[in-house]
Amino acid sequence: PVCDELVVVDTGSTDGTIAVAERLGARIGTFEWCDDFSAARNHALSLATSTWCLWIDADERLEPQSYGAVLSALVRPHFGGYTIPIVNFLNEDEAQDQIVHTPCRLFQRLPGVQFEGRIHEQIAPSIQRLGLPIAMLDARILHYGYRESEVSEKRKHERTMSLLRMALEESPDDDFQQFNLANAYYTAREYEDALPWFEKAADNMQPGAHHGQFAFQSWAFCHFALGRFEEALLVCERAVDQGFHGPLVEYARAFALKQLNRNEEALDAIRRAEGMQLDPRETGDRSILQYKLCFLRAQVHAALGETEEAEEAYRKVLATVPNFFPAHLGLALELKRQGKVEEAFDTAQAALHADEEHAAIAVD
């Protein structure tokens with residue numbers, strides 16, 4: 001509904017991709033994969049003839065509610081391009097984990113505009129070199145390729161880390177790619193390998209970097225995964241010192257303080273985070289402000305023996321994510337502590353229904 005032509009470049013599929021694309025009227029290109037996403041995308045760009053281009057991957061969808069925003073953007077030639085929030089779903093239950101970043105995805109096809117970077121490629125630098133502004137579009141692209149089932153099938157981690165190492169051989173001080181490599185190790189649960197790359201990224205981090213706060217939060221959680229809670233707090237302090245203070249950092253701080261049984265301090269950090277906003281241009285886990293911060297608040301209240309406050313917080317979480325098993329279980333425990341045995345039992349039953357995977361564990 002939003003395009004005059006569709007260009008599909010295939011880098012070596014072995015299924016029916018080409019036949020499907022041809023049947024749907026796409027112009028087909030082929031490109032021999034050379035471990036360089038920008039090279040493949042620039043080949044696709046060379047096949048396009050339209051004034052504007054929207055780039056999108058096979059595991060992404062332009063949200064239907066965004067069609068109008070995209071069409072209205074095309075009549076503003078004074079902009080070189082538009083950033084569009086990409087909602088990356090990490091969980092089969094889409095409401096539970098959403099990492100959002102905002103790359104430039106809609107842009108004018110002009111001389112000199114091309115993709116850069118072997119991986120996590122970007123079009124924005126070439127637009128900015130032309131002196132053209134880039135605006136943010138009120139639209140969304142939904143990305144399903146980071147869900148656990150998809151990642152395991154595609155072996156994305158191995159491919160990603162290999163390409164990132166190549167990119168860093170070419171640009172050793174690129175803080176964005178250093179962060180990307182650290183994050184790749186982190187998501188693969190290779191925490192010790194992630195730590196030095198998080199530190200290198202922080203050393204080279206440019207002021208105002210859109211991935212900055214998320215990088216420090218992930219670094220803190222890397223220490224958290226290794227049981228190094230004091231080190232996680234030091235990372236949060238460094239984030240503040242480098243100008244990346246915000247709700248993601250305070251969430252990480254509260255998490256570490258809770259593990260250290262410094263629960264009153266954890267509540268203070270939660271309150272600070274609740275009073276902050278995440279800039280729409282910043283990369284980060286939006287579900288922290290939607291429900292995860294409230295869930296942490298419930299856990300801290302429970303640890304302090306404040307059962308009514310914990311109950312209230314758990315109920316707020318479930319109003320946002322009704323199938324979130326840990327909140328059902330936490331609520332059941334708080335109701336039991338208050339002597340509301342029948343309601344606690346019903347809540348526990350709802351917990352088992354909400355997550356069959358945990359049912360056997362709970363019964364045991």
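Below, all heavy atoms of this structure are taken into account, side chains as well, without hydrogens, waters or symmetry copies.
- Using a cutoff of 4.0 Å between basic side-chain nitrogens and carboxylate oxygens, Asp268 and Arg271 are scored as salt-bridged.
- You'll find the ring centres of Phe115 and Phe37 outside the 6.0 Å limit.
- Placement of Leu181 and Phe216 in two distinct hydrophobic clusters is found when ILVMFWY residues are connected by side-chain heavy-atom separations under 4.5 Å, directly or transitively.
- In terms of modelled atom types and a separation under 3.5 Å, the side chain of Arg189 and the main chain of Tyr185 share no donor-acceptor contact.
- For the residue pair Gln98 and Asn88, no side-chain donor N or O sits within less than 3.5 Å of a side-chain acceptor on the partner.
- When atom types are taken as modelled, the side chain of Asp174 and the backbone of Gln177 share a donor-acceptor pair closer than 3.5 angstrom.
- Considering all non-hydrogen atoms of both residues, Cys53 and Ala48 come closest at SG-CB, 4.1 Å.
- Checked by atom type and distance alone, the side chain of Arg105 pairs as donor or acceptor with a backbone atom of Trp55 at under 3.5 Å.
- Note: Tyr251 and Phe255 meet the aromatic proximity criterion, with ring centroids under 6.0 Å apart.
- Proximity of a side-chain donor or acceptor of Arg228 to a complementary backbone N or O of Ala225 within less than 3.5 Å is not detected.
- Ion pairing between Lys340 and Glu311 holds under the 4.0 Å rule for side-chain N and carboxylate O.
- Residues passing the side chain to side chain donor-acceptor pair (under 3.5 Å) test with Ser13 are Asp10, sequence neighbours excluded.
- The closest donor-acceptor contact from the side chain of Tyr82 to the backbone of Ala73 lies under 3.5 Å.
- For the 3.5 Å distance criterion, the side chains of Arg286 and Gln290 fail to qualify, holding no donor opposite an acceptor.
- Using a 3.5 Å distance cut-off with no hydrogens or angles, the side chains of His211 and Asn183 do not pair a donor with an acceptor.
- Without hydrogens or angle criteria, Trp52 side chain to Leu74 main chain gives a donor-acceptor distance under 3.5 Å.
- There is no path of hydrophobic side-chain contacts, each under 4.5 Å, that joins Ile119 to Phe176.
- The closest donor-acceptor contact from the side chain of His328 to the backbone of Pro322 lies under 3.5 Å.
- Taking a cutoff of 4.0 Å between a charged side-chain nitrogen and a carboxylate oxygen, Glu250 and Arg253 qualify as a salt bridge.
- Counting only heavy atoms from C-beta outward, the side chains of Leu278 and Leu289 approach each other to under 4.5 Å.
- Under the 4.5 Å side-chain criterion, counting only non-hydrogen atoms from C-beta, Leu163 is not in contact with Asp36.
- Salt-bridge annotation for Arg118 and Asp35: absent, with no side-chain N of the basic residue lying under 4.0 Å from a carboxylate O of the acidic one.
- Under the salt bridge (Lys or Arg N to Asp or Glu O under 4.0 Å) criterion, the residue pairs touching residues 25-34 are Glu5-Arg27, with sequence neighbours excluded.
- For Arg262 and Glu265, the salt-bridge test passes: some basic side-chain N is under 4.0 Å from an acidic carboxylate O.
- A 4.5 Å side-chain heavy-atom check between Val300 and Glu264 finds every atom pair outside the cut-off.
- Put simply, the side chain of His223 never gets that close to the backbone of Glu230: no donor and acceptor are under 3.5 Å apart.
- Under the side chain to side chain contact (heavy atoms under 4.5 Å, CB included) rule, Glu309 has a single partner from Arg297, His301, Glu334, which is His301.
- At distances below 3.5 Å, at least one donor-acceptor pair connects side-chain atoms of Thr187 with backbone N or O atoms of Ala184.
- Although no hydrogens or angles enter the test, the distance criterion places a donor-acceptor pair under 3.5 Å between the side chain of Glu60 and the main chain of Asp57.
- Aromatic ring centres of Phe89 and His143: separated by at least 6.0 Å.
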